[in-house]
**Q** 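What follows is a single structure, and I will ask about it in a moment.
No experiment lies behind these values; they were computed from the predicted model shown.
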Amino acid sequence: MTVPLLAPIATSLLQRFEPETAHEIAIQSLALGLGAAAPRDVPALSVRTLGMRFPNPIGLAAGFDKDARAVRALTRLGFGFVECGTVTPRPQPGNPTPRLFRLPEDGAIINRMGFNGCGIDLFCKRLARLHRPFPDGRPRGTQAPIGANLGINKVGAEPLKDYPELVARVSPYVNYITINLSSPNTPGLRDLQSATTLRDILAAIATRNPSRPPLLVKLAPDLDHAAVPDIVAAAIEGGANGLILTNTTISRPADLRSPYASESGGLSGRPVAALSKALLERVAPLADNRLTLISCGGIETGRDIVERLRAGADLVQIYTSFVLQGPGIIARLKKELLTAMREDGFESVQDIKLGRKV
């Protein structure tokens with residue numbers, strides 16, 4: 001019998017530790033297998049997009065398992081998909097500590113991690129282990145699709161070379177790939193979101209990788225509204241398969257209550273919900289079903305998920321609510337999602353996207 005890793009009591013205890021220490025304890029515990037296996041999802045929650053089946057639409061966003069140390073354990077917790085990374089070509093320590101701050105009063109987190117991580121070599125070695133068979137020959141695999149989120153180093157970065165090479169390295173091991181052009185904690189990274197530069201990056205990726213898993217681009221919630229149509233067009237023309245909307249914000253709402261509200265870095269969680277949903281609503285008609293859209297930012301309830309799906313999302317991701325509330329949120333979100341679907345007259349998640357009511 002497995003031990004429920006972050007049951008309510010354990011989650012409460014972890015909140016007593018400094019945030020980065022608590023995160024390391026959680027990752028190590030998961031890597032050791034101290035996590036309960038979630039029951040199989042009901043068919044009504046399944047989603048088909050990006051050429052594959054997702055058991056439910058609720059994914060874990062990049063940033064939690066940066067170094068692909070606990071991927072299988074995270075899928076066993078009940079996520080519909082898990083995105084590991086962000087990984088960079090070379091290992092790097094990231095920004096000085098402290099660099100991670102909880103804002104529980106605001107349902108938020110601020111981070112300025114700076115793509116700390118093990119680098120692509122060790123990252124791929126860990127992903128490769130997911131595919132090794134058991135001693136009796138049975139395939140291992142994972143219980144849900146896996147994605148890899150790719151970024152560039154703070155020093156010595158060559159985006160037109162680095163992104164294509166990173167895509168080539170991870171392609172054998174994952175179901176989809178995300179290129180991160182929107183973290184606010186790597187100088188100059190967000191400049192790569194311009195339509196012209198995005199076209200160049202996608203062209204370089206296509207040249208280096210004529211065959212690859214589905215490719216998504218992660219965008220910031222702080223984009224200039226006027227730039228959005230050209231960016232969406234560049235993604236479609238460049239062969240991207242989808243967009244993740246959105247990363248963290250550099251804005252600071254005036255009603256934040258936490259004493260950490262003035263810390264620099266990317267703000268995630270409840271305060272970014274309106275920005276994230278607004279960008280989704282702008283992008284969806286522009287994409288016109290030509291891109292898979294994953295909504296991320298401030299998702300805390302099943303009703304939130306239904307609203308994002310009705311606004312044009314195919315899938316959603318959570319991060320801050322998972323960190324602050326623990327893995328119990330996954331089962332709660334699924335239960336609330338099913339309830340909200342019934343209230344709105346939808347039989348399945350796919351029906352929400354199609355707009356068909358029973």
Side-chain angles (χ1 to χ4, degrees), residues 11 15 18-20 22-23 58-64 86 95 97-115 149 180-191 193 217-228 231 243-284 293-313 316-326 329 332-333 336:
T11 302
Q15 301 297 327
E18 183 273 333
E20 201 163 345
H23 180 262
I58 307 165
L60 177 62
F64 188 83
T86 300
N95 292 324
T97 58
R99 54 193 180 181
L100 184 62
F101 307 90
R102 300 187 194 99
L103 289 70
E105 307 94 329
D106 304 300
I109 288 173
I110 291 175
N111 93 84
R112 51 172 180 264
M113 304 299 288
F115 288 170
N149 186 293
N180 188 344
L181 307 180
S182 50
S183 170
N185 301 315
T186 295
L189 185 70
R190 288 194 168 190
D191 296 339
Q193 295 177 112
V217 180
K218 189 167 186 175
L219 299 177
D222 311 308
L223 286 172
D224 179 1
H225 292 194
V228 172
I231 292 172
L243 299 173
I244 298 182
L245 310 166
T246 61
N247 211 317
T248 58
T249 180
I250 56 174
S251 66
R252 293 293 184 270
D255 59 352
L256 292 179
R257 295 175 292 162
S258 171
Y260 295 116
S262 62
E263 292 288 346
S264 64
L267 174 69
S268 62
R270 192 179 305 149
V272 79
L275 289 172
S276 176
K277 187 180 178 187
L279 185 57
L280 171 65
E281 291 170 340
R282 287 198 298 275
V283 167
L293 302 181
I294 301 179
S295 186
C296 180
I299 293 171
E300 299 179 290
T301 69
R303 176 54 63 183
D304 291 338
I305 297 172
V306 169
E307 290 179 357
R308 303 297 176 96
L309 295 173
R310 297 190 77 164
V316 301
Q317 287 180 325
I318 63 172
Y319 176 82
T320 300
S321 56
F322 175 66
V323 170
L324 294 180
Q325 299 182 40
I329 191 176
R332 176 174 66 77
L333 286 176
E336 292 177 355

**Q** Show me the pairs that pass salt bridge (Lys or Arg N to Asp or Glu O under 4.0 Å) and involve residues 244-260, at least two apart or across chains.
**A** Asp106-Arg257
**Q** Taking the side chain as every heavy atom from C-beta outward, state whether Ile294 and Val316 have any atom pair closer than 4.5 Å.
**A** no
**Q** Could you pull out the closest heavy-atom pair between Arg308 and Ser295, with the gap in Å?
**A** NH1-OG, 2.8 Å
**Q** What pairs with Glu281 under side chain to side chain donor-acceptor pair (under 3.5 Å), at least two apart in sequence or on another chain?
**A** none
**Q** Answer yes if the side chains of Thr301 and Asp304 hold a donor-acceptor pair under 3.5 Å, and no otherwise.
**A** yes
**Q** Mind checking salt bridge (Lys or Arg N to Asp or Glu O under 4.0 Å) for Arg332 and listing every partner two or more places apart, or none if nothing turns up?
**A** Glu336
**Q** Mind checking the CD1-CG spacing from Ile244 to Leu293? Nearest 0.5 Å is all I need.
**A** 10.5 Å
**Q** Rounded at 0.5 Å granularity, tell me how far CG in Leu219 sits from SG in Cys296.
**A** 12.0 Å
**Q** My understanding is that only residues two or more places apart in sequence, or in another chain, count here; which of them pass side chain to side chain donor-acceptor pair (under 3.5 Å) with Asn111?
**A** Asn185
**Q** From Lys277 NZ over to Thr246 OG1, what is the distance, rounded to the nearest 0.5 angstrom?
**A** 13.5 Å
**Q** Taking all heavy atoms of Ala311 and all of Leu280, pick out the closest pair and write down the distance.
**A** CB-CD2, 3.7 Å
**Q** Identify, with sequence neighbours excluded, every residue that meets salt bridge (Lys or Arg N to Asp or Glu O under 4.0 Å) alongside Arg270.
**A** Glu300
**Q** If you measure from CD1 on Ile110 to OG on Ser258, what distance do you get to the nearest 0.5 Å?
**A** 7.0 Å
**Q** Please enumerate all residues that pass side-chain contact (heavy atoms from CB on, under 4.5 Å) together with Ala220, with sequence neighbours excluded.
**A** Ser182, Arg190, Gln193
**Q** Under the rule for side chain to side chain donor-acceptor pair (under 3.5 Å), what residues qualify as partners of Glu18, not counting sequence neighbours?
**A** Thr21
**Q** State, to 0.1 Å, how close Pro271 and Pro253 come at their nearest heavy-atom pair, and which atoms those are.
**A** CB-CG, 3.9 Å
**Q** Can any side-chain N or O of Asn247 pair as donor or acceptor with the backbone N or O of Lys218 at less than 3.5 Å?
**A** no
**Q** CG of Leu279 to CG of Asp222: how many Å apart, nearest 0.5 Å?
**A** 9.5 Å
**Q** What's the separation between atom CG in Leu256 and atom OG in Ser251, rounded to the nearest 0.5 Å?
**A** 8.5 Å
**Q** Looking at Leu245, is its backbone amide N or carbonyl O close enough to the side chain of Ser276 to form a donor-acceptor pair, meaning the two atoms are under 3.5 Å apart?
**A** yes
**Q** If the condition is side-chain contact (heavy atoms from CB on, under 4.5 Å), which residues does Ala227 pass it with, not counting sequence neighbours?
**A** Asp224, Ile231
**Q** With sequence neighbours left out, what residues match Val323 under side-chain contact (heavy atoms from CB on, under 4.5 Å)?
**A** Phe64, Ile109, Tyr319
**Q** Could you tell me which residues satisfy side-chain contact (heavy atoms from CB on, under 4.5 Å) with Ala22, sequence neighbours excluded, listed by chain and number?
**A** Leu14, Phe17, Arg102
**Q** Who pairs with Ser264 by side chain to side chain donor-acceptor pair (under 3.5 Å), at least two apart in sequence or on another chain?
**A** Arg112
**Q** Check whether any side-chain heavy atom of Glu105 sits under 4.5 Å from a side-chain heavy atom of Pro259, and report yes or no.
**A** yes
**Q** Does the side chain of Pro19 come within less than 4.5 Å of Phe101's, by heavy atoms?
**A** no
**Q** For Thr248 and Pro184, which heavy atoms make the closest approach, and how far apart are they?
**A** OG1-CD, 3.3 Å
**Q** If you take all heavy atoms of Thr186 and Phe115, which pair is closest and at what distance?
**A** OG1-CD1, 3.4 Å
**Q** Does a side chain donor of either Thr320 or Ser268 reach within less than 3.5 Å of an acceptor in the other side chain?
**A** yes
**Q** Does Leu267 offer a backbone N or O that forms a donor-acceptor pair with the side chain of Thr249 under 3.5 Å?
**A** no
**Q** Report yes if the side chains of Ile299 and Ser321 come closer than 4.5 Å at any heavy-atom pair, otherwise no.
**A** no
**Q** For Asn95, does its backbone N or O pair with a side-chain atom of Arg99 as donor and acceptor, under 3.5 Å?
**A** yes
